[in-house]
2 protein chains.
Amino acid sequence: MPPEGTRQALIAAGIRLFGRQGYAATSVRSLAQEAGANIAAIAYHFGGKDGLRLACAEEFGQRMVGAIGQAGGPPANDPQVAREELKLIVRNVVRFLLSGPGASEIVPFMLRELAEGGPGVDAAYSSFAEPVHRRLCGLWGQATATEPESETVRLAVFSLIGQLMYFRIGQAIVTRRMGWAGIGPAEIDQITRRILSNLDAMLDREGQG
Amino acid sequence: MPPEGTRQALIAAGIRLFGRQGYAATSVRSLAQEAGANIAAIAYHFGGKDGLRLACAEEFGQRMVGAIGQAGGPPANDPQVAREELKLIVRNVVRFLLSGPGASEIVPFMLRELAEGGPGVDAAYSSFAEPVHRRLCGLWGQATATEPESETVRLAVFSLIGQLMYFRIGQAIVTRRMGWAGIGPAEIDQITRRILSNLDAMLDREGQG
DNA sequence: GTCTATAAACAGATAGAC
DNA sequence: GTCTATCTGTTTATAGAC
């Protein structure tokens, strides 16, 4: 086992097992086994179970930014262009949340941290959630010709994000009610079209009112 | 301690502690202490820790139906009436999720079960989520004069629910980004107005397209 | 139906050899 | 940097007195 390999393998195991079973339910023994490493390696590399959790949260922040954050083109002043960029981001995020590479592991990990109020929340907020939300607010403001950082716009963006997130969080309920066996490309397409339609409706109304 | 009191106290303790810390992180010792009961009482009444969890999930289903499900008026054929009833339900659900009596305990418990894939998911789905979703689809269909059980309508209702849920699930992120100290009546009012505005926008667009 | 006492397994952390 | 062996505390479950 290469020197740096053990560390990376343990982080991967942490994201996988913490996300699947939760932090408390995951023993350091199972983590070591999953990573093909020794039990003592966790204490050596991260100082303990808590340290590994924090390292997983940092890894998550980096991956998220890499997966979504690259869509940071220069702000255009045209409302129509802003709307199209908003739609592009929605498409990317839905795809990432529901089928992105490694999303089936990293997304559950993030949701666990959110639910448990773990150290991942802080890491996710400052490195990912806040900048992304701010960028969406900027685009929303351009698309509707309103103040981007107003309370109205910030809440509107959250209600947009909520729609995306629920299809991941409530997946068990959604698939059951829809009669789907799982979520494949066809289902992602349907969900995306629905959310984009909602987005258009919300933006149009904002333009009027 | 009265005979039935111990049982009820243990269920209350389960909802509280499981919701706050998660299932695995909660020991039967802390449950017994929280309930003012003996450790062995859990095994006696529920057969073990798992049994108590299941009893909590059943209790949750009953309370949820009681808290929201009563808004089951007779279906009116007027689109405008259906829209108003949809709005009424949204108002009730937002209030329940963010400030309802006992919601601060029962809602986290439900979210934990959802995240952990616990037995609460099954109980919640059949006794609560499915009937409520079906009723919302019925109202949506009437409000837009479309087939209530179509895939489009079912997804639309989920995207509506997602907006509601996110303001509870992502509370930590929302309050931070909004600069709120917490969620009180004023914040609930703002969130409600935003979601109702979105609902109007979605219904209007549906009517057109 | 409630309690004490205890069993048997498992947790995370660490000392020390290599 | 990786391993084995072990220490200390805690877990759930249960047997048996009352």
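In what follows, every chain begins at residue 1, and chains take the letters A, B, ... in the order their sequences are listed.
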May I have the list of side-chain donor-acceptor pairs in residues 98-106 of chain A shorter than 3.5 Å, sequence neighbours left out?
from	atom 1	to	atom 2	distance (Å)
A/Ser99	OG	A/Arg95	O	3.1

Less than 3.5 Å apart, which donor and acceptor atoms pair up between the side chains of residues 114-124 of chain B and the rest of the protein, not counting sequence neighbours?
from	atom 1	to	atom 2	distance (Å)
B/Glu116	OE1	B/Arg53	NH2	2.9
B/Asp122	OD1	A/Arg176	NH1	2.8

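In this structure, the CD atom of B/Gln33 is 17 Å from the C1' atom of C/dT2, given to the nearest Å. Taking atom CD of residue A/Gln21 and atom P of nucleotide C/dC10, one finds them 15 Å apart after rounding to whole Å. Spacing between atom CZ of A/Arg7 and atom C1' of D/dT2 amounts to 16 Å, rounded to whole angstrom units.
Between A/Glu59 and A/Arg16 there is no salt bridge, since none of the side-chain N atoms of the basic residue sits less than 4.0 Å from a carboxylate O of the acidic one.
Judged as a ring-ring contact (aromatic ring centres under 6.0 Å, His included), and not counting sequence neighbours, the contacts of A/Phe158 are A/His133. Scanning for ring-ring contact (aromatic ring centres under 6.0 Å, His included) contacts around A/Phe18 gives A/Tyr23, with sequence neighbours left out.
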Notebook entry, point to check: What is the per-nucleotide protein-contact pattern of nucleotides 11-18 of chain C, from the 5' end, where B denotes a base atom under 4.0 Å from a protein heavy atom, S denotes such proximity for sugar-phosphate atoms only, and - denotes neither?
Noted result: BBSB----

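The number of heavy-atom neighbours closer than 6.0 Å to CD of A/Gln33, taken from other residues, nucleotides and ligands shown, is 12 or below.
Exactly one residue among B/Asn198, B/Leu164, B/Ile191, B/Leu160 makes a side-chain contact (heavy atoms from CB on, under 4.5 Å) with A/Ser159. That residue is B/Asn198.
Remark: A/Thr6 is not in phosphate contact with D/dG1, judged by side-chain N or O atoms under 4.0 Å from OP1 or OP2.
Closest approach of A/Ala9 and A/Ala35 over heavy atoms only: O-CB, 3.5 Å.
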Next item on the list: For DNA chain D, produce a single dot-bracket line, 5' to 3'. Pairs: Watson-Crick or G-U wobble, both distances under 3.5 Å. Symbols: ( ) within strand, [ ] crossing, | other strand, . unpaired.
Entry: |||||||.||||||||||

